[in-house]
Structures are given as C-alpha cells and as structure tokens.
J.: 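Attaching a single structure in structure tokens format; questions to follow.
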There are 2 protein chains.
Amino acid sequence: MNIGDVSRESGVSTKMIRYYEEIGLIPAAHRTEAGYRIYCEKDVHKLRFIRRARDLGFSVTQLTELLALWSDGHRASADVKRIARQHIAELEHKLQELQAMTDALKHLAEHCHGDHRPECPILEDLAGAIEVEARHMDLTRFGAGGVDPVRRKKEIL
Amino acid sequence: MNIGDVSRESGVSTKMIRYYEEIGLIPAAHRTEAGYRIYCEKDVHKLRFIRRARDLGFSVTQLTELLALWSDGHRASADVKRIARQHIAELEHKLQELQAMTDALKHLAEHCHGDHRPECPILEDLAGAIEVEARHMDLTRFGAGGVDPVRRKKEIL
DNA sequence: CTGCCGTTTCCAACGGTTGGAAGGTCAAGT
DNA sequence: ACTTGACCTTCCAACCGTTGGAAACGGCAG
C-alpha cells in the first residue's frame with residue numbers, strides 16, 4: 001500500500017502521516033526502490049488508533065505513551081487510566097474557562113439593545129468598567145483563584 | 001511612558017504590544033530620538049480594551065472590528081452585538097465538542113479497572129471497536145451531523 | 001510517448017505567545 | 001567620567017498540529 005491508500009483507510013492525511021513519521025510518533029516506513037513509502041494493514045490500524053486518540057483530544061506526547069502501552073502486552077491498565085484521567089482533567093479545565101467566557105459574553109450581549117444607537121454595554125465593559133460594581137462581579141466570575149489570564153488563554157482556545 | 005510602563009498598566013506584555021503594532025491592530029507608536037516607543041494614557045486604555053477582549057476569547061480579527069466600532073461614535077450597537085453573537089456561537093460550538101470529548105473519555109475511563117492487568121477498554125476503544133455496538137454509540141455521540149473530525153480538532157483545542 | 005495522478009522533499013503559513021541573543025539607552029550611584 | 005543594571009531595540013526561533021504549495025520524479029493507462 002502507498003501512503004495515499006493508508007491515508008484513505010485510516011482517515012489520516014498523507015501530510016500528517018509524513019509528519020508523524022518525522023517527529024518519531026510512528027517508525028519510518030519501508031521504501032520501494034523509487035523511494036515510495038510502503039505500508040501494511042498493521043500500519044492502518046496504528047494510524048486509526050492515532051486518529052481516534054487525536055479525536056479525543058490527546059496530545060501527540062500523550063499519544064506516544066498510549067502507543068507504547070498499546071504495543072506492550074504486559075502493560076498495567078492503571079497506566080492507561082492515569083493518562084486518560086490527566087487528559088480528562090485538562091479537558092474539564094478548558095471546559096470551565098470556556099464556559100466562563102461564554103457566560104460573561106452572553107450576559108453582556110443580553111443587555112445590549114442591538115439597534116442603531118451607539119450605546120453598547122459590551123463595548124463599555126471592554127473599555128473598562130463604567131459600572132464598576134457590575135464589572136467587578138463579572139470579573140470575579142472569571143478570576144476565582146487568580147489565574148494568570150495570559151496563561152489562561154493559551155490553554156483554552 | 002515607555003513600553004514597559006504601558007505593559008504593566010495594561011497587562012499586555014511588551015512582546016505582544018510590539019506584535020499588535022506589527023500586524024496593524026494598533027497604530028505604530030511615536031518614537032523618541034533614541035528609537036524608544038512613546039505611549040500615553042489613551043494607549044493604556046486601548047490596550048486594556050484589547051486585553052479584556054482577548055480574555056473573552058475574541059480573535060485579533062474580531063478585535064480589529066471591535067476597536068473600529070469602539071472609536072466610532074456613530075456606531076450602531078447592533079454591529080457590536082452581531083460580532084459578540086457570532087463569537088458566542090463559536091464558543092458554544094467549541095463547548096459542545098469539548099463536552100463530547102470529555103463525556104466519551106470519562107465513559108471509557110469509568111470502565112477501566114486501572115489495576116496491574118493489561119485489559120483496558122480505553123485502549124480497546126482506540127484500537128477500534130472490539131465491541132462494535134458500544135463503539136458506534138460513542139461515535140454517534142460525537143458526530144451528530146457528520147462533522148469532519150480533522151476540522152473539528154482544529155477548532156476546539 | 002503523452003497525460004494524468006501519486007509521490008517525494010522542502011519551505012511557508014496559520015494564531016498567538018513566548019524566549020533568547022546581540023546591541024543601544026537611560027538613570028542612578030560611585 | 002565611569003560602571004552598573006534596568007530598560008529598550010530588532011531579529012530569529014520555537015511552540016502545536018495542520019494545511020498549502022512548488023518543483024521534480026514514479027507509475028500506469030491510453
């Protein structure tokens with residue numbers, strides 16, 4: 001099988017297959033005399049595994065661990081579960097932050113007339129707390145725990 | 001005020017201030033004879049505006065629009081609300097996908113013994129549906145609507 | 001032999017942010 | 001006047017995962 005075939009069968013793009021090989025997530029494929037990569041059914045399975053894990057949001061780093069455990073017949077399921085739990089925690093963290101953003105923005109949007117007039121509570125909020133009280137309430141909804149907002153954004157979006 | 005001062009007062013890093021200037025989100029700052037950027041209170045306000053919008057997850061592109069509306073005294077609040085609504089929709093979309101990932105993964109983790117034995121439903125699921133029925137159920141929880149999974153990941157994480 | 005499609009490698013971009021290196025400036029202390 | 005340290009400048013690179021494109025070659029059917 002050529003790379004296009006495994007791509008179609010696994011749902012991983014040829015670009016990404018080459019990339020995964022480059023970063024060492026999958027071993028370098030054998031080549032034909034002309035330099036074409038050759039794959040077998042086993043590779044298709046592995047790529048499907050990768051794709052499913054990516055669909056669940058696992059990072060490539062986590063994938064490396066998962067693949068190692070997958071191919072280790074003597075693995076302890078506790079190790080797999082630990083990785084999964086850690087990832088779940090990350091996902092839930094993102095969920096919380098995303099939810100906070102959504103709530104805050106929806107709250108603002110609800111109070112915006114949305115007509116031809118320039119007055120707009122959304123802009124007022126962004127411009128920095130004309131109504132300090134209300135603003136403070138919205139902020140505390142976010143910052144429970146005082147998380148660095150810069151760091152926050154990176155993790156979420 | 002130098003760039004470090006506005007950075008402290010606005011909460012936007014000096015790196016990002018220069019970046020925002022480079023991409024045209026904010027106009028190029030005036031310079032001293034030595035080439036130092038000079039800022040005033042107005043710039044601090046603008047950067048605070050930017051930071052708050054970024055904290056709410058607005059993209060730089062959306063920020064460009066928001067800044068334009070902010071400085072336009074004749075704006076219609078409807079335009080602001082439209083941008084906000086669109087962003088809310090994006091956030092809610094990400095929330096849904098993230099929630100689906102979390103649910104699926106939690107479901108798998110719950111059924112994993114997490115002991116010394118190698119048997120692991122998480123790996124089995126990733127490896128591709130030993131129990132096809134259950135697997136299918138989990139998948140449909142995701143793909144309601146048949147969204148391209150590749151596109152999905154990009155949007156969410 | 002000529003198309004056409006698949007494959008190869010390499011380079012770039014996305015978005016937003018951070019880090020570091022190499023060098024110039026400013027203000028305070030000695 | 002000189003040093004020191006904190007600040008500023010630009011430029012380049014990296015993160016992460018994915019996509020796009022260009023230029024060149026292989027494989028196969030007509």
Side-chain angles (χ1 to χ4, degrees), chain A residues 1-26 28-39 47 50-64 87 90 94 97 101 147-157, chain B residues 1-26 28-39 47 50-64 87 90 94 97 101 147-157:
Chain A
M1 281 196 290
N2 285 338
I3 196 171
D5 304 315
V6 278
S7 171
R8 265 180 301 276
E9 289 195 34
S10 66
V12 180
S13 73
T14 61
K15 291 272 187 191
M16 289 314 298
I17 296 175
R18 295 193 193 98
Y19 172 70
Y20 290 151
E21 177 182 319
E22 187 191 335
I23 63 172
L25 181 61
I26 54 177
H30 295 146
R31 306 283 189 126
T32 67
E33 291 180 4
Y36 280 29
R37 289 175 179 80
I38 314 174
Y39 298 92
L47 285 169
I50 290 172
R51 185 158 128 58
R52 294 209 180 92
R54 296 286 305 138
D55 284 352
L56 285 175
F58 283 103
S59 70
V60 169
T61 306
Q62 289 169 319
L63 248 167
T64 308
H87 183 46
E90 293 164 6
K94 284 178 198 165
E97 306 288 3
M101 281 187 197
V147 184
D148 175 10
V150 175
R151 186 139 299 283
R152 188 201 308 160
K153 279 178 298 181
K154 280 192 56 175
E155 293 169 1
I156 309 156
L157 300 182
Chain B
M1 279 197 291
N2 286 337
I3 197 171
D5 303 317
V6 278
S7 172
R8 264 181 299 277
E9 289 195 34
S10 66
V12 180
S13 73
T14 60
K15 290 274 186 188
M16 289 315 297
I17 296 175
R18 295 193 193 99
Y19 172 71
Y20 289 151
E21 176 182 319
E22 187 191 337
I23 64 172
L25 181 61
I26 55 178
H30 296 145
R31 306 283 188 127
T32 67
E33 292 181 3
Y36 281 28
R37 288 175 179 81
I38 315 174
Y39 297 93
L47 285 168
I50 290 172
R51 186 159 127 59
R52 294 209 179 89
R54 295 287 303 138
D55 285 353
L56 285 175
F58 283 104
S59 71
V60 169
T61 305
Q62 289 169 319
L63 249 167
T64 307
H87 182 46
E90 293 163 6
K94 284 177 199 167
E97 306 287 3
M101 282 187 197
V147 184
D148 175 11
V150 174
R151 184 141 301 282
R152 186 201 308 162
K153 278 177 303 180
K154 280 192 57 175
E155 293 168 0
I156 308 157
L157 299 183

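Every chain is numbered from 1 and lettered A, B, ... according to where its sequence line falls, protein lines coming before strand lines.
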J.: Tell me if a side-chain donor or acceptor on His87(B) pairs with a main-chain N or O of Gln62(B) at a distance below 3.5 Å.
T.: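 Looks like no, no N/O pair under 3.5 Å.
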
J.: Take atom CD of Glu21(B) and atom P of dG16(C), then tell me their distance rounded to the nearest Å.
T.: 18 Å

J.: Side chain of Ser10(A), backbone of Val6(A): donor and acceptor closer than 3.5 Å?
T.: yes

J.: Does any part of the side chain of Met16(B), heavy atoms only, come nearer than 4.5 Å to the side chain of Arg54(B), both counted from C-beta?
T.: no

J.: How many whole angstroms separate atom CG of Leu63(B) from atom P of dT17(C)?
T.: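 Value for this atom pair: 10 Å.
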
J.: Would you indicate whether the side-chain heavy atoms of Arg37(A) and His30(A) approach each other to under 4.5 Å?
T.: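 Not touching, per the 4.5 Å side-chain cut-off.
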
J.: In whole Å, I'd like the distance from the CE atom of Met1(A) to the P atom of dG6(C).
T.: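 So the CE-P distance, Met1(A) to dG6(C), works out to 16 Å.
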
J.: Does Lys94(A) reach the side chain of Met101(B), with side-chain heavy atoms less than 4.5 Å apart?
T.: no

J.: Which heavy atom of Ile3(B) sits nearest a heavy atom of Thr14(B), and at what distance?
T.: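 The pair with the smallest heavy-atom distance is CD1-O, 3.8 Å.
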
J.: In whole angstroms, how far is the C1' atom of dT7(C) from the CD atom of Glu33(A)?
T.: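 Atom-to-atom, Glu33(A) to dT7(C), this comes out as 16 Å.
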
J.: To the nearest Å, give me how far apart CG (Leu25(B)) and C1' (dT17(C)) are.
T.: 14 Å

J.: Mark up nucleotides 1-11 of chain D, 5' to 3', with B wherever a protein heavy atom is under 4.0 angstrom from a base atom, S wherever such an atom reaches only the sugar-phosphate, and - elsewhere.
T.: ------BSBB-

